[in-house]
Amino acid sequence: MTKPFATRSALVATMMMLVSPAISAQHGDEALPPSKPGKPINTGDVLSGELNAMKVRDVKNGKRVATYQITSEPRRLPPPNGLCNLETGPETFQLVTSSDAQAAQLKSFVGKEISVKVDEIACASDAGQMSEAVITKWSLIKKQ
């Protein structure tokens, strides 16, 4: 009779040791302050960040095409977009290239810090978009 009692007691003690750190970790998460939304970005503002290149399949013809993305601090888009249903706002911005010249211009800056003047920006809404926001009209700002 004491063997089943000892086995159960050992099992309960082991479970308490495993559960206690998880419970204390949950209480530690509550102490974090809530995240603040990013700075606003409007038409004509400058967005700076690291430029990344990704290969994605084109929806129309299935070819792999280069897509460029800037990773930056969280930003708040102009109304009605706002935070793009994110807690702090988008941090990744897809640069839509309108010509081969723009794509070639960006290709040399992959992996480097760049700045672009934003002329048209919106939250990502199409399936397959890898970024949280899309910049459809932009111009590259040369660093001095």
Nearest 0.5 Å, please: how far is [atom2] in [Y] from [atom1] in [X]?
X: Ser139; Y: Gln105; atom1: OG; atom2: CD; result: 9.0 Å
X: Asp100; Y: Gln102; atom1: CG; atom2: CD; result: 10.0 Å
X: Asn52; Y: Leu95; atom1: CG; atom2: CG; result: 10.5 Å
X: Thr71; Y: Glu113; atom1: OG1; atom2: CD; result: 10.0 Å
X: Gln69; Y: Glu91; atom1: CD; atom2: CD; result: 10.5 Å
X: Arg76; Y: Asn42; atom1: CZ; atom2: CG; result: 9.5 Å

Which atoms form the tightest heavy-atom contact between [X] and [Y], and what is the distance?
X: Ile121; Y: Pro78; value: CG2-CD, 4.2 Å
X: Thr43; Y: Asp119; value: CG2-O, 3.2 Å
X: Ile41; Y: Val118; value: CD1-CG2, 3.9 Å

So do [Y] and [X] actually touch side chain to side chain, heavy atoms under 4.5 Å?
X: Val110; Y: Tyr68; value: yes
X: Trp138; Y: Leu47; value: no
X: Pro90; Y: Leu77; value: yes

When you measure from the side chain of Ser115 to the backbone of Ser48, do you find a donor-acceptor pair of N or O atoms at a distance under 3.5 Å?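 No: the side chain of Ser115 does not pair with the backbone of Ser48.
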Are the side chain of Glu132 and the backbone N or O of Thr92 linked by a donor-acceptor pair below 3.5 Å? yes
Connecting only ILVMFWY residues whose side-chain heavy atoms lie within less than 4.5 Å of each other, what is the rest of Val96's hydrophobic cluster? Val134
Just to verify, what does Glu50 make a salt bridge (Lys or Arg N to Asp or Glu O under 4.0 Å) with, not counting sequence neighbours? none
